[in-house]
Amino acid sequence: MLVARDLVKSFGGVRAVDGVSFTIERGTITGLIGPNGAGKTTLFNCLAGLFPPTSGTLTLDGTRIDGLSSDRIFRAGLARTFQIPRPFPEMTVLENVMLAPTSQHGERFWAPWLTPGRVAREEATLREKARHWIAFVGLEPLVEAPARVLSGGQRKLLELARVLVAEPKLVLLDEPGAGVNPRLLDEIVATIAKLNAGGVTFLVIEHNMDLVMSLCRPVMVMAQGRLLAEGDAESVQADPRVIEAYLGGAIA
C-alpha cells in the first residue's frame, strides 16, 4: 500500500528523519513507536504532505506522492488524524463530517445556480454517508450537537468519521489513545479493528503499549530519526536495541 525508500527530512543541519525505508502492506494495522523526539510525527508529516521530504521516495498504491501537497495526497487516498483534534466547534458533528470529501460539485462557484438539482442530490448522498460513519463510530446521539460539546475521546471519533467519509486507502492515526478515558479507548480500539477487518489499512503512532500489543501487526520502532527495529509486537518489545532506546527501561 505504501512504500518509503531512504526518506530524509532535514531542518538545517538536523535530520529529523534519517534514511527511513519501510513498506506498509495492504490490510494491516502497523504500529509506529519510539521515545519522544524519535521523529515519528515528522515522518507522519512527510507522509501526509505537510512537510516535503528533503530526499527519498514515497509510493502510495503504485503512485509516487513524495513532494505532492497535502490536499493532493489526501485526494490520492492517504488521510491522517491528529493527536489533538480541532473540529469546527460551532458546526454540528454532521456538518464537520460532511466537510471532508473532496471535489464536491457544490464547491464550484457557479454550480448552485446552474445545476442546483445535481448539487442537492450530491449533498443528500453525502449526508447519508456522513450519518453512516457517525453511527459507525458511536456518535449518532450527538449527530446534531455542536462539536464543542464533545469530549477529547469523542473528538477523536469525530475525526475518524470525517476521514472515513472520504474513503481513503490508508489512514494515519496519530496517538488515538492519548488523553482518552479507558471506556472510550476500548471503543476506539474496537472501531479500528472493525474497520481493518473491512479492508482499511492503518499506520498508527501510539505510546500506549497495551493498545499496540493488542492491535498492531507489525510494529516499527524509531529512534533518533532512524528505523531501529520492525517485527511483531512481542519480539520488538523484547529487542535489546528497543529497550536501550527507551533509556534502558521497560517500554511503557
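Once rounded to the nearest 0.5 Å, the distance linking CG of Leu170 with CE of Met1 reads 6.5 Å. Taking OG1 of Thr201 as the start and CG of Leu60 as the end, the distance is 10.0 Å to the nearest 0.5 Å.
Within the 4.5 Å cutoff, the side chain of Val149 has heavy atoms near those of the Pro146 side chain. Between Leu150 and Leu158 there is a side-chain heavy-atom pair separated by less than 4.5 Å. By the 4.5 Å heavy-atom criterion applied to side chains, Pro87 and Glu159 are not counted as neighbours. With a 4.5 Å cut-off on side-chain heavy atoms, Asp232 and Pro218 do not count as touching. Side-chain contact check for His207 versus Lys40: some heavy-atom pair is nearer than 4.5 Å. Looking at heavy atoms from C-beta onward, Val221 lies out of side-chain contact with Glu230 at the 4.5 angstrom threshold. Asp239 places none of its side-chain heavy atoms less than 4.5 Å from the side chain of Leu228. Inter-residue side-chain proximity for Val93 and Glu144 is flagged as unmet; no heavy-atom pair is nearer than 4.5 Å.
Ring-plane geometry between Trp133 and Phe136 is classed as perpendicular, the angle between the planes exceeding 60 degrees on a 0 to 90 degree scale with a lower cut at 30.
The side-chain contact (heavy atoms from CB on, under 4.5 Å) search around Val163 returns Ala79, Thr81, Pro168, Val171, not counting sequence neighbours. Under the rule for a salt bridge (charged side-chain N to carboxylate O under 4.0 Å, His left out), Lys194 has no partner lying at least two apart in sequence or in another chain. With sequence neighbours left out, Glu95 forms a side-chain contact (heavy atoms from CB on, under 4.5 Å) with Met91, Thr92. Residues forming a salt bridge (charged side-chain N to carboxylate O under 4.0 Å, His left out) with Glu140 (at least two apart in sequence, or on another chain): none. In this structure Arg217 satisfies the salt bridge (charged side-chain N to carboxylate O under 4.0 Å, His left out) test together with Glu234, sequence neighbours excluded. Residues meeting the salt bridge (charged side-chain N to carboxylate O under 4.0 Å, His left out) test with Arg72, sequence neighbours left out: none.
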If you look only at distance, which donor and acceptor atoms sit under 3.5 Å apart when one is on a side chain in residues 42-53 and the other is two or more places apart or in another chain?
{"unit_1": "Asn45", "atom_1": "OD1", "unit_2": "Arg80", "atom_2": "NH1", "d": "2.5"}
{"unit_1": "Asn45", "atom_1": "ND2", "unit_2": "Thr41", "atom_2": "O", "d": "3.4"}

What pairs of donor and acceptor atoms, side-chain ones from residues 182-192 against any protein atom, are under 3.5 angstrom apart with sequence neighbours left out?
{"unit_1": "Arg183", "atom_1": "NH1", "unit_2": "Glu187", "atom_2": "OE2", "d": "2.6"}
{"unit_1": "Thr191", "atom_1": "OG1", "unit_2": "Glu187", "atom_2": "O", "d": "2.8"}

Return a table of donor-acceptor pairs under 3.5 angstrom between the side chains of residues 11-22 and protein atoms on other chains or two or more places apart.
{"unit_1": "Arg15", "atom_1": "NH1", "unit_2": "Asp18", "atom_2": "OD1", "d": "2.9"}
{"unit_1": "Asp18", "atom_1": "OD2", "unit_2": "Arg226", "atom_2": "NE", "d": "2.9"}
{"unit_1": "Asp18", "atom_1": "OD2", "unit_2": "Arg226", "atom_2": "NH2", "d": "3.2"}
{"unit_1": "Ser21", "atom_1": "OG", "unit_2": "Asp6", "atom_2": "N", "d": "2.7"}

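Looking at Ile134, Leu160, Val97, Leu94 one by one, the single match for side chain to side chain contact (heavy atoms under 4.5 Å, CB included) with Leu139 turns out to be Ile134.
Here the side chain of Glu175 pairs no donor or acceptor atom with the backbone of Gly177 at under 3.5 angstrom. Within the 3.5 Å criterion, the main-chain N or O of Gln83 finds a donor-acceptor partner in the side chain of Lys156.
Among pairs with a residue in residues 155-183, none fulfils ring pair (Phe, Tyr, Trp, His ring centres under 6.0 Å), at least two apart in sequence or across chains. Judged as a salt bridge (Lys or Arg N to Asp or Glu O under 4.0 Å), the pairs with a partner in residues 21-36 (not counting sequence neighbours) are, in order, Arg26-Asp61. Here side-chain hydrogen bond (donor to acceptor under 3.5 Å, both in side chains) pairs that include residues 48-57, with residues two or more places apart or in two chains, number zero.
Note: the hydrophobic cluster containing Leu164 also contains Val143 (ILVMFWY, side chain heavy atoms under 4.5 Å, direct or indirect links). By the rule that hydrophobic residues join a cluster once side-chain heavy atoms approach within less than 4.5 Å of another member, Leu195 and Ile29 end up as members of one cluster.
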